[in-house]
J.: 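Let me give you the structure first, and then I'll get to my questions.
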2 protein chains.
Amino acid sequence: MPSRTYGQFCGLAHALELVGERWALLLVRDLIPGPKRFTDLRNGLPRIPTNVLSARLKELEGSGVIHRRVLPRPEGSIVYELTEYGRDLEDVVLALGLWGARSLGQPLPADIVTTDSLIVALRATFQPEAARRLQVCYELRLGDTVVHACIDDGTLQVGEGSVAEADLVIETGPVIRSLLAGEISPSEAIQNGSVHLTGDADLLARFVEVFHIPPGPSKPPG
Amino acid sequence: MPSRTYGQFCGLAHALELVGERWALLLVRDLIPGPKRFTDLRNGLPRIPTNVLSARLKELEGSGVIHRRVLPRPEGSIVYELTEYGRDLEDVVLALGLWGARSLGQPLPADIVTTDSLIVALRATFQPEAARRLQVCYELRLGDTVVHACIDDGTLQVGEGSVAEADLVIETGPVIRSLLAGEISPSEAIQNGSVHLTGDADLLARFVEVFHIPPGPSKPPG
DNA sequence: CTGGATCCCTCACGATACTG
DNA sequence: CAGTATCGTGAGGGATCCAG
């Protein structure tokens, strides 16, 4: 019972008491792709102090958002996973992430892109309509971060690392955001060298249709 | 410009840097029904210190989420309103509020219900399909907080205060949540006196169909 | 009276070191 | 690997004060 309560009988206020603390929703984000160990979560959020990570995990467990589970022998290690209630946050997390992506500028030099954030970002930007009657596998490489996205008639499967038979491998950087936001065209990106392709290059046009970020605010934040 | 950054090039991390600070999303909530003055916001969130309110308003304005506007004479007063970008947060706020409402327990003695939180809650719980071919006006009274909700064939209009010709006036308390969650039936609520009706009492059954909170976690949070 | 700014205190957060 | 312990800092909480 946090003494630091909003003092309102309101669903939103209660939600913010459950997952509104710093780092909490980023932990939920990293648990969306699947269960994680303490160290995995730490690696996915290098700037979180371990005591804060520990505290958040306890709070989220107490709130029924995540569940702490001890794996069967011989590993015997501990994983954290979303409960059913926690999984129901997925749509909110995706929507909020997409909203934020609309005003995302250039990354600071110290900013990183993690595997889980990229997986969730692909899910958030996925346009099922645009993926109808489409069957293709992409491999996306942002620095050391590699994920694959396989599309099969309106459905999406994203995962960590390479995939056996990608139709197109996309190697790029933060410019991927401008690409998905339609701020630059695929051909521009290829020409200025910010995107390198291996495979069927024409599939990049499909990619930016299937994964899309809506326009952001006309007056960018100061 | 918070020096306290998450250090990730990620839409969600950026969104949380914009609206993830304490009180920020509650301010957005209170601005959803319409523009508000500093004092209105303060009254809607009695526990927010004025310096924090001031800081949040500046940050949200700098982020392009809200806009500070000086009303024309003779009032000359200042109102804060959501920008278009800020308005695009509405669906997220409603979804997060609905998620939180599912695990909302009994209010603490000091907890309050404000007009704006109630208006937003009604919008969040509204089920357009259940409101098809329905035309009815409700007046909802929770203590001093009075709002009206008028339904017209799948559309909803909510507002502060009474409405001229309500078909049903519902006077109740926090039990309204259990009612919308289907945890108790309208007849039960009437029988035990936790709901008092004026008008066509049969319309209460429609009310709990049109405004609904999905089931919460089976294991309630500790 | 509205629309804040200023002060002081506390506690959560952040960084680091350390333990089972 | 999975956390706990310690300690400094800065944001949040609460009251008061000030300008238009």
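Below, chains carry the letters A, B, ... as their sequence lines are ordered, and counting in each starts from 1.
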J.: Specify the separation, in whole Å, of atom CZ of A:Arg42 and atom P of C:dA15.
T.: 11 Å

J.: Within the pair A:Arg22 and C:dC11, is there a side-chain N or O less than 4.0 Å away from OP1 or OP2?
T.: no

J.: Take B:Thr50 and A:Val79, find for each the nucleotide of DNA chain D with the closest heavy atom, and name the residue whose nucleotide sits nearer the 5' end.
T.: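 So the residue in question is A:Val79.
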
J.: Contacts to DNA chain C from residues 24-40 of chain A, heavy-atom cutoff under 4.0 Å, which residues?
T.: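 Output list: empty, so none.
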
J.: In whole angstrom, what separates A:Ile66's CD1 from D:dA2's P?
T.: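 Going from CD1 in A:Ile66 over to P in D:dA2 covers 14 Å.
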
J.: Check the distance between D:dG20's C1' and B:Leu71's CG and give it to me in whole angstrom.
T.: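 My rounded result for the distance is 16 Å.
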
J.: Between C1' on C:dC13 and CZ on A:Arg47, what's the gap in Å once rounded to a whole number?
T.: 13 Å

J.: So which nucleotide from C:dT16, C:dC13, D:dG14 ends up closest to the side chain of B:Arg4?
T.: C:dC13

J.: Side chain of A:Trp23 only, heavy atoms from C-beta on: which candidate in C:dG14, C:dC13, C:dA5 is closest?
T.: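 Within the option list, the nearest is C:dG14.
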
J.: Let me see the working for A:Ser117 and B:Gln8 under side chain to side chain donor-acceptor pair (under 3.5 Å), right down to the final yes or no.
T.: CA-CA 9 Å; A:Ser117 76; B:Gln8 303 210 347; 4.7 Å; no

J.: Can you tell me the distance, in whole Å, between the CZ atom of B:Arg68 and the C1' atom of C:dG3?
T.: 8 Å

J.: Determine whether a donor-acceptor pair (N or O, by modelled atom type, separation under 3.5 Å) exists between the side chain of A:Thr83 and the backbone of A:Val65.
T.: yes

J.: What is the distance, to the nearest angstrom, from the CG atom on A:Leu53 to the P atom on D:dA2?
T.: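 That distance rounds to 11 Å.
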
J.: Please determine whether any donor N or O and acceptor N or O are separated by less than 3.5 Å between the side chain of A:Ser54 and the base of D:dA2.
T.: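 Checked by distance alone, the answer is no.
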
J.: So if I take every side-chain heavy atom of B:Ile78 and compare against C:dG3, C:dT6, C:dG14, which nucleotide ends up nearest?
T.: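 The nucleotide sitting nearest to the side chain is C:dG3.
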
J.: Closer than 4.0 angstrom, basic N to acidic O: yes or no for A:Arg177 and A:Glu183?
T.: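 A salt bridge is present here (some side-chain N lies under 4.0 Å from a carboxylate O).
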
J.: Could you please name the option among D:dT4, D:dA11, C:dC13 that lies closest to any side-chain atom of B:Arg56?
T.: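 Given the options D:dT4, D:dA11, C:dC13, the side chain of B:Arg56 is closest to D:dA11.
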
J.: Would you mind telling me which of D:dA15, D:dG3, D:dA11 lies closest to the side-chain atoms of A:Tyr80?
T.: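 Nearest to the side chain of A:Tyr80 among the choices is D:dG3.
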
J.: Tell me which nucleotide among C:dA5, D:dA5, D:dA11 gets nearest to the side chain of A:Asn51.
T.: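 Nearest to the side chain of A:Asn51 among the choices is D:dA5.
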
J.: Does anything in residues 47-86 of chain B pair up under ring pair (Phe, Tyr, Trp, His ring centres under 6.0 Å), and if so which pairs, sequence neighbours excluded?
T.: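 Every pair satisfying ring pair (Phe, Tyr, Trp, His ring centres under 6.0 Å) with a residue in residues 47-86 of chain B: A:Trp99-B:Tyr85.
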
J.: Evaluate the criterion side chain to side chain donor-acceptor pair (under 3.5 Å) for residue pair A:Asn192 and A:Ser194; output intermediate values, then yes/no.
T.: CA-CA 6 Å; A:Asn192 71 18; A:Ser194 58; 2.7 Å; yes

J.: Using a heavy-atom cut-off of under 4.0 Å over every strand shown, decide if A:Ser77 touches base, sugar-phosphate, or nothing.
T.: sugar-phosphate

J.: So does B:Glu84 pair up with B:Arg87, basic N to acidic O under 4.0 Å?
T.: no

J.: Should the pair A:Arg22 and B:Tyr6 be classed as cation-pi, given the thresholds of under 6.0 Å to the six-membered ring centre and 45° from the axis?
T.: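 Pair A:Arg22/B:Tyr6 counts as cation-pi.
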
J.: Send over the distance from B:Arg69 CZ to C:dG3 C1', rounded to a whole Å.
T.: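 Spelled out: CZ on B:Arg69 to C1' on C:dG3 is 17 Å.
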
J.: Please give, in whole Å, the distance from D:dA11 P to B:Glu17 CD?
T.: 14 Å

J.: Looking at B:Glu90 and B:Arg123, is there a salt bridge between them, counting it only when a charged N and a carboxylate O are closer than 4.0 Å?
T.: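 Here B:Arg123 pairs with B:Glu90 in a salt bridge, since their nearest N and O are under 4.0 Å apart.
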
